[in-house]
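Have a look at the structure below before the remarks.
Both counts, for ligands and for their atoms, begin at 1 and track the order of listing. Everything numeric here is computed off the predicted structure, so don't read it as measured data. The analysis underlying the following values was restricted to heavy atoms, covering all of them including side chains, and did not include hydrogens, waters or symmetry mates.
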Amino acid sequence: MQTRLLPDTPAGIEAARAILRAGGLVAFGTETVYGLGADATNDRAVAAIYAAKGRPGRNPLISHFSTAEAAFAQVAATELARMLAARFWPGPLTMVLPQAPGCVISPIATAGLGTAAVRVPAGATTLALLKACGFPVVAPSANPSGRVSPSDAQHVMAGLAGRIDAVLDCGPCRVGVESTIIDLSGPVPVLLRPGGITLEALEEACGMPVALPVAASNDARPSAPGQLSSHYAPGLPVRLDATSVRADEALLAFGAPLPGSPVVWNLSEGGDLHEAAARLFAGLRFLDMEGQRRGLVGIAVQPVPRHALGRAIRDRLTRAACPRP
Ligand code: TXA
Ligand code: MG
């Protein structure tokens, strides 16, 4: 299969819509990362996502909508969910809620959990595509399962060309880390994955604490179903919280770079967490490629703070550093 690169024009969006409608797979850029989209109501199309990514079938997918109203037709929204939608959508927040009666999302996408993950992403092109589709679009990050997420169209091509129908080029992703996932299906809100909306902002909006799964609070294993411990993995091993770097290591710097590495990518010289998030996945890809080309043995990562967007950045880096299965 030849993967088409579609331009960010009305004709490109219409071509993407037609492919999705016919059950094909189209990657598109949200504000967080590129997603690999399929018609959420089409079992065969949803199954094709798992095949193209090599994704374990027990790991459910997020459904994307152009409006909160469309999302809340598929899930039973609580008052808190409506309030968070008004505050953060379109934007990098995903809510897990019980499925509504008559929910049209394929059971393959929800892994038979009885809940569904829903979000309204930001980005004019993606919203125009979702609006034109009129059906929910499931989209996991558009990378082979377990590897580094894509934050531009070329990253998607590098990982999935030949395995999907098209990529809608929406330019580089503004946020750069995936959406924050909050589980609102139980008695108290639980943070399943830190992401583009900070925990601090969520708790302020909720007016109550958001529970952390026990392990996530100390940077260890996440608890969203199917969130495997090794993820976002480059080819080279990753070493966290480095306070020195060797000449045979590539360096992912934050702030003033440590001396001694021949290959450096600075997430943010000024220590800005928004800039760091937006540059994270491109940096891991660059250091991996350039480091391997020069025969280096690993990637050392300077400490990133634990607050605000630093929580999501550290989460991705921690899993990039996990021992591979
Ligand atoms: O920013 C994002 O969220 C991107 C863009 C494309 O929207 N998507 C994304 O999808 O990151 P993915 O598949 O890489 O991550 C989806 C996460 C998985 O960890 C999955 O376990 C969780 O969402 N999830 C999906 N449905 C769920 C459910 N019903 N209950 C709990 N977790 C769920
Ligand atoms: Mg992913």
Side-chain angles (χ1 to χ4, degrees), residues 25-38 40 46 49-50 52-65 71 74-76 88-99 103 105-123 126-127 129-130 136-151 155-156 159-160 167-168 170 173-186 189-197 213 216 221-233 277 281 312 315-316 319-320:
L25 303 184
V26 180
F28 54 90
T30 75
E31 81 281 39
T32 59
V33 298
Y34 273 68
L36 179 57
V46 176
I49 284 186
Y50 287 84
K53 277 183 60 95
R55 182 179 177 103
R58 65 181 186 283
N59 191 0
L61 304 175
I62 297 170
S63 294
H64 298 70
F65 301 83
Q74 304 304 325
V75 289
F88 295 114
W89 282 352
L93 181 68
T94 295
M95 298 190 228
V96 173
L97 289 159
Q99 289 173 35
C103 174
I105 300 167
S106 164
I108 299 171
T110 57
L113 288 170
T115 54
V118 298
R119 106 172 174 98
V120 177
T126 292
L127 283 174
L129 173 63
L130 292 171
V137 174
V138 279
S141 51
N143 51 282
S145 188
R147 314 307 299 202
V148 181
S149 297
S151 53
H155 297 165
V156 180
L160 294 176
V167 181
L168 180 61
C170 306
C173 300
R174 179 172 55 76
V175 175
V177 291
E178 289 86 346
S179 62
T180 300
I181 305 180
I182 187 169
D183 185 352
L184 298 175
S185 67
V190 178
L191 183 80
L192 295 184
R193 178 177 72 184
I197 299 290
R221 284 179 80 97
S223 77
Q227 287 213 341
L228 311 170
S229 46
S230 172
H231 212 88
Y232 311 100
F281 291 134
D315 169 81
R316 307 307 187 264
R319 283 188 273 158

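- Comparing R193, K53, E178 by heavy-atom distance to atom 15 (O) of ligand 1, the nearest is R193.
- Side-chain contact check for R193 and T94: no donor-acceptor pair (N or O, by modelled atom type) lies under 3.5 Å.
- Considering all non-hydrogen atoms of both residues, R55 and P60 come closest at NH2-O, 2.9 Å.
- When all heavy atoms are compared, the tightest approach of P90 to A122 is CB-CA, 3.7 Å.
- Looking at P60, G29, G37, P150, it is P60 that brings a heavy atom closest to atom 25 (C) of ligand 1.
- The atoms of ligand 1 that sit less than 4.0 Å from any heavy atom of L192 are 31 (C), 32 (N).
- Considering T32, I62, L130 as possible partners of P121, the one that fulfils the side chain to side chain contact (heavy atoms under 4.5 Å, CB included) test is L130.
- Heavy-atom proximity to L61, at under 4.0 Å, picks out these atoms of ligand 1: 25 (C), 26 (N).
- Here R55 has side-chain heavy atoms under 4.0 Å from ligand 1, and that is the only part of it that gets that close.
- Less than 4.0 angstrom separates some heavy atom of P140 from each of these atoms of ligand 1: 10 (O), 12 (P), 13 (O).
- Distance alone, capped at 3.5 Å, is enough to place a donor-acceptor pair between the Y34 side chain and the C170 backbone.
- Among S141, C173, S179, the residue whose heavy atom sits closest to atom 9 (C) of ligand 1 is S141.
- Using a distance-only test at 3.5 Å, with no hydrogens or angles considered, a donor-acceptor pair links the side chain of K53 to the main chain of S141.
- Using 4.0 Å as the threshold, P121 has no heavy atom nearer than that to any atom of ligand 1.
- Judged purely by atom type and a 3.5 angstrom limit, Q99 has no side-chain atom pairing as donor or acceptor with the backbone of V75.
- Those atoms of ligand 1 that come under 4.0 Å of a heavy atom in G35, given as number and element, are 6 (C).
- By the criterion of a heavy-atom distance under 4.0 Å, the side chain of N59, and not its backbone, is placed next to ligand 1.
- Below 4.0 Å from some heavy atom of A117 lie the following atoms of ligand 1, by number and element: 25 (C), 26 (N), 27 (C).
- Those atoms of ligand 1 with a heavy atom of T32 less than 4.0 angstrom away are 1 (O), 2 (C), 4 (C), 5 (C).
- Short contacts between ligand 1 and A139, defined as distances under 4.0 Å to a heavy atom of the residue, involve ligand atoms 6 (C), 8 (N), 10 (O).
- No donor-acceptor contact under 3.5 angstrom links the side chains of S63 and Q74, judged on distance only.
- Checking side-chain atoms of T180 against main-chain N and O of G195 turns up a donor-acceptor pair under 3.5 Å.
- The contact set between ligand 1 and I181, taken as ligand atoms under 4.0 Å from a residue heavy atom, comprises 17 (C), 22 (C), 23 (O).
- In summary, N143 places no N/O/S atom under 2.8 Å from the Mg ion (ligand 2), failing the contact criterion.
- R319 places no side-chain N or O within 3.5 Å of a backbone atom of S230 that could act as its donor or acceptor partner.
- When the heavy-atom distances from atom 30 (N) of ligand 1 to I62, T110, V96, V177 are ranked, the shortest goes to V96.
- Note: no N/O pair closer than 3.5 Å links Y34 and ligand 1 by distance alone.
- The aromatic rings of F281 and Y232 lie parallel to each other, with less than 30° between the two planes, well short of the 60° mark.
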